[in-house]
There are 2 protein chains.
Amino acid sequence: MAARRSGARDKRAQREDMPAGSGPSLSRERIVAVAVELLDAHGADGLTMRGLADRLGAGAMSLYWHVGSKEQVFDLALDAVLEYRAPPPDEGGDWRGDVVHMLEDWRARMLRHPWSASLLPRRALGPNILHRLELLGSALSRAGVADAHLNVAIWSLWNFVMGATVTRASFEGARVDKDAAPPHLARPGEDHPTIQRSHLLLDDDWDGAFRKGLDLLLDGLVPRG
Amino acid sequence: MAARRSGARDKRAQREDMPAGSGPSLSRERIVAVAVELLDAHGADGLTMRGLADRLGAGAMSLYWHVGSKEQVFDLALDAVLEYRAPPPDEGGDWRGDVVHMLEDWRARMLRHPWSASLLPRRALGPNILHRLELLGSALSRAGVADAHLNVAIWSLWNFVMGATVTRASFEGARVDKDAAPPHLARPGEDHPTIQRSHLLLDDDWDGAFRKGLDLLLDGLVPRG
DNA sequence: ACCTGAACACCGTTCAAGT
DNA sequence: ACCTGAACACCGTTCAAGT
């Protein structure tokens, strides 16, 4: 839905409505959907315009009528995965629950599509990201955060979630990645007593750590009522 | 220095010492150094094995004797950029200063090499990252954080910094990126009143926001003495 | 309006060979 | 021990052409 929004000068004009009975011919929606499937299956490096077209039963170059470039396919796929339909506003309700829900949904989606975490740093913020930022800001505002402190509050939460998902996805990926012993996944030896003592890298309660850190941050930003 | 560490089965054996007067022939160090230059100049997509070899005055394939693959060049370049020489321990000293210094150095380095932020999510954590984590943990431990809470504290700070640099680099990149109006850099219209009111996306005091958020987080994690 | 194949200008990497 | 060019199996994308 939000994936429709198009750059200034696509070859395709803003289309009217689907011609009704036209079956599953090529469309931007279908392309993006299959791209997400492929990305899920083979990762960011596994996506090929030729492969994507193949999977759609189309000639290799047919995609370019619906889509400007491979870059754009990445943009659209990322944005598609980041959509968020909030539960109804629940007037005068639980701001904290709203924030936690949205951020945990963010994290869950990114982890379900690990390529999205690796793509995110390269791409600008799309409409769905913007929407989440707005939600975050308005909830914090409702919670009583003064306008002067709003930016710091938003960024602190945002950064926490971004960092958590990116780091987690990177760790996950490292384990699957290569045949060879990854040259960079050094084990914490005697050089790293604190890490070893705290079991930092062995602790696999990522979810718990995320939730605790988030609570802590929220407490700091908005003193519990 | 740290970049020397090699995967299990490189074609090159662990070398003894440089043969002294052998001039600037090819070496892993030189390859990585030039790769960083090229990455700085042209971004992650601009690095080519052929181009890298060219710039080193070598035949295209000579690199493969020193390095296993392009992937490894990325790994080594990233790790090279993330090195950290801490100021001397300053026994019994200022843990908070140590933490802030290390994290601000981290952020500064990543922003000086924007490609590093975009590469990080795809790569496992190298020895230099591990070293920074150890520093962080030991400083927090010195500050009195109990072992049971150490992981949450480390991850909270880590995530904050990761998120901040990744987000910032992504914004910076978005502005330079394309010729066309980026389809995804939607402007906050009337749909996003909170963002607009808080000037979230216009505020360019990134450094200040980073520092404030960091202080806030540290206060939450380790009550000020 | 929508799709196509041939062709171009690239890639990373294998390999057999040079010194 | 170190470097090389030719060659392979791919890429994304342009273009002129089909329906």
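These numbers were taken from a predicted model, which means no experiment stands behind them. First the proteins, then the strands, lettered A, B, ... as listed; each starts at 1.
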CG on A:Leu78 to CD1 on A:Ile129, rounded to 0.5 Å: 6.0 Å
Please write out each protein N/O paired with an N/O of nucleotides 7-12 of chain D under 3.5 Å, distance rounded to 0.1 Å.
| unit_1 | atom_1 | unit_2 | atom_2 | d |
| --- | --- | --- | --- | --- |
| D:dG12 | OP1 | A:Met49 | N | 3.4 |
| D:dG12 | OP1 | A:Lys70 | NZ | 2.9 |
| D:dG12 | OP2 | A:Met49 | N | 3.2 |
| D:dG12 | N7 | A:Arg50 | NH1 | 2.4 |
| D:dG12 | O6 | A:Arg50 | NH1 | 3.4 |
| D:dG12 | O6 | A:Arg50 | NH2 | 3.1 |

Using side-chain contact (heavy atoms from CB on, under 4.5 Å) as the criterion, list what pairs up with [X], not counting sequence neighbours.
X: B:His113; answer: B:Val36, B:Asp40, B:Val81, B:Trp115, B:Ser116
X: A:Glu104; answer: A:Val100, A:Phe210, A:Arg211
X: A:Ser62; answer: A:Leu26, A:Ala58

Whole-Å gap separating [atom2] ([N]) and [atom1] ([X]):
X: A:Asp54; N: C:dT4; atom1: CG; atom2: P; result: 11 Å
X: B:Leu26; N: D:dC2; atom1: CG; atom2: C1'; result: 9 Å
X: A:Trp65; N: D:dG18; atom1: CH2; atom2: P; result: 20 Å
X: B:Leu52; N: D:dT4; atom1: CG; atom2: P; result: 13 Å
X: B:Glu71; N: C:dT13; atom1: CD; atom2: C1'; result: 13 Å
X: A:His66; N: C:dC3; atom1: NE2; atom2: C1'; result: 8 Å

Short side-chain to backbone donor-acceptor contact, A:Thr167 and A:Gly163, under 3.5 Å: yes
Residue set satisfying ring-ring contact (aromatic ring centres under 6.0 Å, His included) with B:His101, at least two apart, ordered chain then number -> B:Tyr84
For B:Phe74, what residues pass the ring-ring contact (aromatic ring centres under 6.0 Å, His included) criterion, not counting sequence neighbours? none
Which helical stems does DNA chain C take part in, if a stem means at least 3 consecutive Watson-Crick or G-U pairs with both distances below 3.5 Å? C:4-8 with D:12-16, C:12-16 with D:4-8
side-chain N/O B:Ser25 vs D:dC3 OP1/OP2, d < 4.0 Å: yes
How would you list, by chain and number, every residue that makes a salt bridge (charged side-chain N to carboxylate O under 4.0 Å, His left out) with A:Asp45, sequence neighbours excluded? B:Arg122
Those residues that, when tested against B:Arg50, pass salt bridge (charged side-chain N to carboxylate O under 4.0 Å, His left out) (two or more places apart): none
Base, sugar-phosphate alone, or nothing: which one does B:Ala58 contact when heavy atoms must sit under 4.0 Å apart? sugar-phosphate
